[in-house]
Number of protein chains: 4
Amino acid sequence: MLNKIILIGRLTRDPELRYTTNGVAVARLTIAVDRPQFNREREKETDFIDIVVWQKLAETCANNLGKGRLIAVDGRLQIRSYDDSQGIRRKAAEVVADSIRFLDWPKDRDNQGGGQFNSGSGSGSGFGSEISFNGDDIPF
Amino acid sequence: MLNKIILIGRLTRDPELRYTTNGVAVARLTIAVDRPQFNREREKETDFIDIVVWQKLAETCANNLGKGRLIAVDGRLQIRSYDDSQGIRRKAAEVVADSIRFLDWPKDRDNQGGGQFNSGSGSGSGFGSEISFNGDDIPF
Amino acid sequence: MLNKIILIGRLTRDPELRYTTNGVAVARLTIAVDRPQFNREREKETDFIDIVVWQKLAETCANNLGKGRLIAVDGRLQIRSYDDSQGIRRKAAEVVADSIRFLDWPKDRDNQGGGQFNSGSGSGSGFGSEISFNGDDIPF
Amino acid sequence: MLNKIILIGRLTRDPELRYTTNGVAVARLTIAVDRPQFNREREKETDFIDIVVWQKLAETCANNLGKGRLIAVDGRLQIRSYDDSQGIRRKAAEVVADSIRFLDWPKDRDNQGGGQFNSGSGSGSGFGSEISFNGDDIPF
DNA sequence: TTTT
DNA sequence: TTTT
């Protein structure tokens, strides 16, 4: 009924881009999200979180991201059930991205603020939407 | 660069619907969001937060919401500057809604779960998006 | 590095309360979170999400929640690896709750707004914190 | 009843640290949060958002942050009413921080991942909490 | 100015 | 009033 997640982490590998039988682009990323370390004694803990990206955003990620890159992801948590190769029922958790922000940028690029990209399936939403609709002001 | 807010609160008045000169629908809501009360001694504190809603979502709100209704809002915080009638520069804070969920429903309605509505300007995003795009499965 | 999730859903079963060998309370809840249905043709889809709650908040949940109840959860997504009874490596995804808000309330109770409860491990944070610290005003 | 905001932006000035009459530290930051630019024609738009930070976190910010630094803020939106010097009733919007993450770090520092700091008033919550409480595992 |  |  409401399902919203925001993550910042680094890609553990290059994005993997595929196409569905209907020709829709889908990319899969994995990011490492370090947990805050409150006491120095405990070893560093990290959550490795799978991200699924659809359509144009998938291609943008595949073309611009690589292992080690820092991104912010805005999306929702999805739990899928499936049977693995041994016929054992398993659950997969993944975050379906609505938008992704590129927080660092390879040193050889001249960009200075990172990029902001939204899901091809939507727009507007994600990290902030076009609000005033072609220059219209709020009529109040 | 990232601006995301989620609120649950009750409308303090009926939505106000207008149209821009370009014919785009805009609604304005105000919700009361009670702060958690940790010690009983202090009086209840409440934030009254202005919400701006655009396009089809604006009309859906105007047609379905009224004073006292409980909603969840997902959007972003926008700070506008303007000059008031005395020429004094003022700032207005408002939340631009990406999606709104109706959390209660008038008793005379037979709905049992509330509604989920997304910004007309986008889709997909907000409280969760259509993921598998016409029945396509993730090809991994 | 940042890991924040907000969910609204209904308990699919009563909370399960246990204690660690160190005597710390832990509760486990599962909530059903319906995905928004954009076209009526597709069947309703639901994510069943496991929630882990620690300490005092665990006991508050165990004592006050039951199957069917509607809650808002604020926390973070945690991915755990473990070996199952057949020695197969598996991953479990769960949301570790920072705070939980009770959104409905059994009709026989006289509460009128739901409750707001924070993680025993923290406070302040979660859905909003005590801000002015004993009546102190912001000195600006 | 639920009020949660996450922002990423750059400080427009150095933090301003004060103490309440009760001796509680409070810092004030302003961050610039650029809105995503969907069409190149429109000029860049930015929200300048005031952040209030309490207690130990206030001092950590004052000691470690400066103009231009990039931070992630997790907190809640607070609307305060007050009368200005001309006796005109005004409203101020500010985000009360639960936790702040330092996303870049001056080049002369050897840190490589930024820091994560929680509100002194709480803990646990914010961007993720200590979960297993002294090495205890979840007893399920 | 305010909601339950 | 503003940051990169």
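Proteins get letters first, then strands, A, B, ... in listed order; numbering begins at 1 in each. In this text, all values refer to a predicted model and were calculated from it rather than measured experimentally.
What separates CD1 of D:Ile79 from P of E:dT2 is a distance of 15 Å, to the nearest Å. In this structure, D:Leu2 atom CG and E:dT3 atom C1' are separated by 16 Å, rounded to whole Å. Regarding D:Leu65, its CG atom lies at a distance of 16 Å from the P atom of F:dT3, rounded to whole Å. Summarising the geometry, the separation between CD1 on B:Ile49 and P on E:dT2 is reported as 16 Å, rounded to the nearest angstrom. Separating the CD atom of D:Glu43 from the P atom of F:dT4 is a distance of 19 Å, rounded to the nearest angstrom. As rounded to whole Å, 14 Å separates atom C1' of E:dT2 from atom CD of B:Glu16. Rounded to an integer number of Å, the gap from CZ of D:Arg13 to P of F:dT1 is 14 Å. Rounding to whole angstrom units, CE of residue B:Met1 and C1' of F:dT3 are separated by 9 Å.
Across B:Val33 and D:Leu2, no two heavy atoms sit closer than the pair CG1-O, 3.7 Å.
Here the nucleotide nearest the side chain of D:Arg10, chosen from E:dT4, F:dT3, F:dT1, is F:dT3. When each of F:dT4, E:dT1, F:dT1 is scored by its nearest atom to the side-chain atoms of D:Lys91, the top-ranked nucleotide is E:dT1. Among the nucleotides F:dT3, E:dT3, F:dT1, the one closest to any side-chain atom of D:Lys44 is F:dT3. Here the side chain of B:Arg89 is nearest to one of F:dT1, E:dT3, F:dT4, namely F:dT1.
No salt bridge links D:Asp74 with D:Arg101; every basic N to acidic carboxylate O contact stays at or beyond 4.0 Å.
A:Lys67 pairs by the side-chain contact (heavy atoms from CB on, under 4.5 Å) definition with A:Asp14, not counting sequence neighbours. Listed by chain and number, the residues in a side-chain contact (heavy atoms from CB on, under 4.5 Å) with B:Ala25 are B:Leu17, B:Tyr19, B:Ala58, B:Glu59 (sequence neighbours excluded).
Residue side chain D:Thr12 does not reach the base of F:dT1 through any donor-acceptor N/O pair under 3.5 Å, judged by distance alone. Not a single donor-acceptor contact under 3.5 angstrom links the side-chain atoms of B:Thr46 to the base of E:dT2.
Considering only heavy atoms from C-beta on, D:Asp98 stays 4.5 Å or farther from D:Val73 through its side chain.
Stacking between B:Phe48 and the base of E:dT1 is absent under the criterion of ring centres within 5.5 Å and planes under 30 degrees.
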